[in-house]
Amino acid sequence: MKNSKVTTTVEGRILTADQFHAEARRWAAIVRNMAKANTAAFKKGKKKENHTYKEGKKRGKSEKKLSKSIRFIIEHENKIPEGIGFKIPIHGIYREWAVGYGQPRVAGKYKSANSRVKRSMNDWIDEPIRRHKEKLFDLAVEYWGDHAMVNVFGGKNI
């Protein structure tokens, strides 16, 4: 430790709030696009881009194809991401959890033996999130670690 030198400046690239926000948007877009690709593998579903209900409770309402209706939102304060959420229509949630028509949110179990529709679970949104969560965690650690270093040692403004 004879030649060790202590410095009070931070060297190298510092991740700014704008860069963190841009990287979070890029992460969310990748996950959304993977989820869209997963929905393309469904054997059942809407064949047209839009579907307008002609009767029943939803009469006159339109729904887009699931792959066309997945959105993401980044919750932030001062451009610093605090959360990422995905906007998914209710029919996408039904597909994820295999629920509806009397079926509970328990994989492989039916509440009613006479359910009108038997659905199987399909992990089309959670799987891409799970696969890429480490990248998002690393991004947050890099930003907040840089932020802490600058606050402790100074030398650069972020």
Side-chain angles (χ1 to χ4, degrees), residues 1-46 49-51 58 61-101 103-111 119-158:
M1 295 278 265
K2 276 184 178 179
N3 295 333
S4 64
K5 183 179 175 183
V6 176
T7 182
T8 58
T9 61
V10 179
E11 296 178 10
R13 179 188 147 205
I14 300 293
L15 192 65
T16 65
D18 287 336
Q19 290 168 328
F20 183 28
H21 191 266
E23 289 295 323
R25 286 187 62 78
R26 187 173 296 122
W27 180 89
I30 288 168
V31 169
R32 181 200 56 209
N33 291 342
M34 288 182 71
K36 283 181 173 186
N38 288 344
T39 64
F42 296 159
K43 290 183 177 80
K44 294 181 181 180
K46 294 174 181 64
E49 294 299 313
N50 281 333
H51 173 74
K58 295 183 179 181
K61 293 184 180 178
S62 292
E63 284 183 353
K64 292 180 184 177
K65 238 177 148 173
L66 183 56
S67 63
K68 299 290 183 190
S69 57
I70 303 167
R71 305 278 182 263
F72 65 85
I73 186 167
I74 298 179
E75 297 170 14
H76 58 88
E77 188 173 316
N78 298 326
K79 283 228 170 179
I80 301 170
E82 293 182 344
I84 298 174
F86 292 91
K87 304 275 186 178
I88 301 164
I90 194 70
H91 61 280
I93 301 302
Y94 285 172
R95 185 70 174 129
E96 176 83 12
W97 285 95
V99 298
Y101 294 107
Q103 297 179 66
R105 291 183 183 204
V106 179
K109 294 186 180 182
Y110 299 106
K111 187 175 186 178
R119 291 188 172 101
S120 57
M121 254 178 117
N122 190 302
D123 213 3
W124 66 271
I125 185 70
D126 287 343
E127 188 269 327
I129 293 170
R130 198 172 14 261
R131 188 183 308 169
H132 291 281
K133 68 182 178 188
E134 293 298 323
K135 170 76 172 132
L136 184 62
F137 295 162
D138 290 344
L139 189 60
V141 166
E142 183 180 355
Y143 174 77
W144 289 109
D146 288 351
H147 194 71
M149 290 289 289
V150 168
N151 284 342
V152 170
F153 293 108
K156 284 192 178 181
N157 292 327
I158 58 173

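The model shown is predicted, which means the values in this text are computed figures rather than measured ones.
When side chains are defined from C-beta on, I129 does not count as touching L136, because their heavy atoms never get closer than 4.5 Å.
Here I30 contributes atom CD1 and R25 contributes atom CZ; the two are 12.5 Å apart, rounded to the nearest 0.5 Å. Rounding to the nearest 0.5 Å places NZ of K135 at 11.0 Å from CH2 of W27. Atom-to-atom distance recorded for I14:CD1 and D146:CG is 4.5 Å, nearest 0.5 angstrom. The line from OG1 of T16 to NE2 of H147 is 12.0 Å long, rounded to the nearest 0.5 Å.
Taking the salt bridge (Lys or Arg N to Asp or Glu O under 4.0 Å) definition, one finds that R26 meets it with E23, sequence neighbours left out. Legend: residues meeting side-chain contact (heavy atoms from CB on, under 4.5 Å) with A29, ordered by chain and number and at least two apart, are R32, F72. Partners of H76 under the ring pair (Phe, Tyr, Trp, His ring centres under 6.0 Å) rule, at least two apart in sequence or in another chain, are H21. Remark: F20 pairs with Y143 by the ring pair (Phe, Tyr, Trp, His ring centres under 6.0 Å) rule, at least two apart or across chains. Partners of R131 according to the salt bridge (Lys or Arg N to Asp or Glu O under 4.0 Å) rule, which considers only residues two or more places apart in sequence or in another chain, are E127.
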Going by atom type alone, with no hydrogens or angles, which donor-acceptor pairs under 3.5 Å involve a side-chain atom of residues 77-90 and a protein atom two or more places apart or on another chain?
none

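Sorted by first and then second residue, the salt bridge (Lys or Arg N to Asp or Glu O under 4.0 Å) pairs with a member in residues 136-145 read R13-E142; sequence neighbours excluded.
Between the side chain of W124 and the backbone N or O of A41, no donor-acceptor pair lies under 3.5 Å.
Residues P128 and N38 approach most closely at CG-ND2, 3.6 Å, considering heavy atoms.
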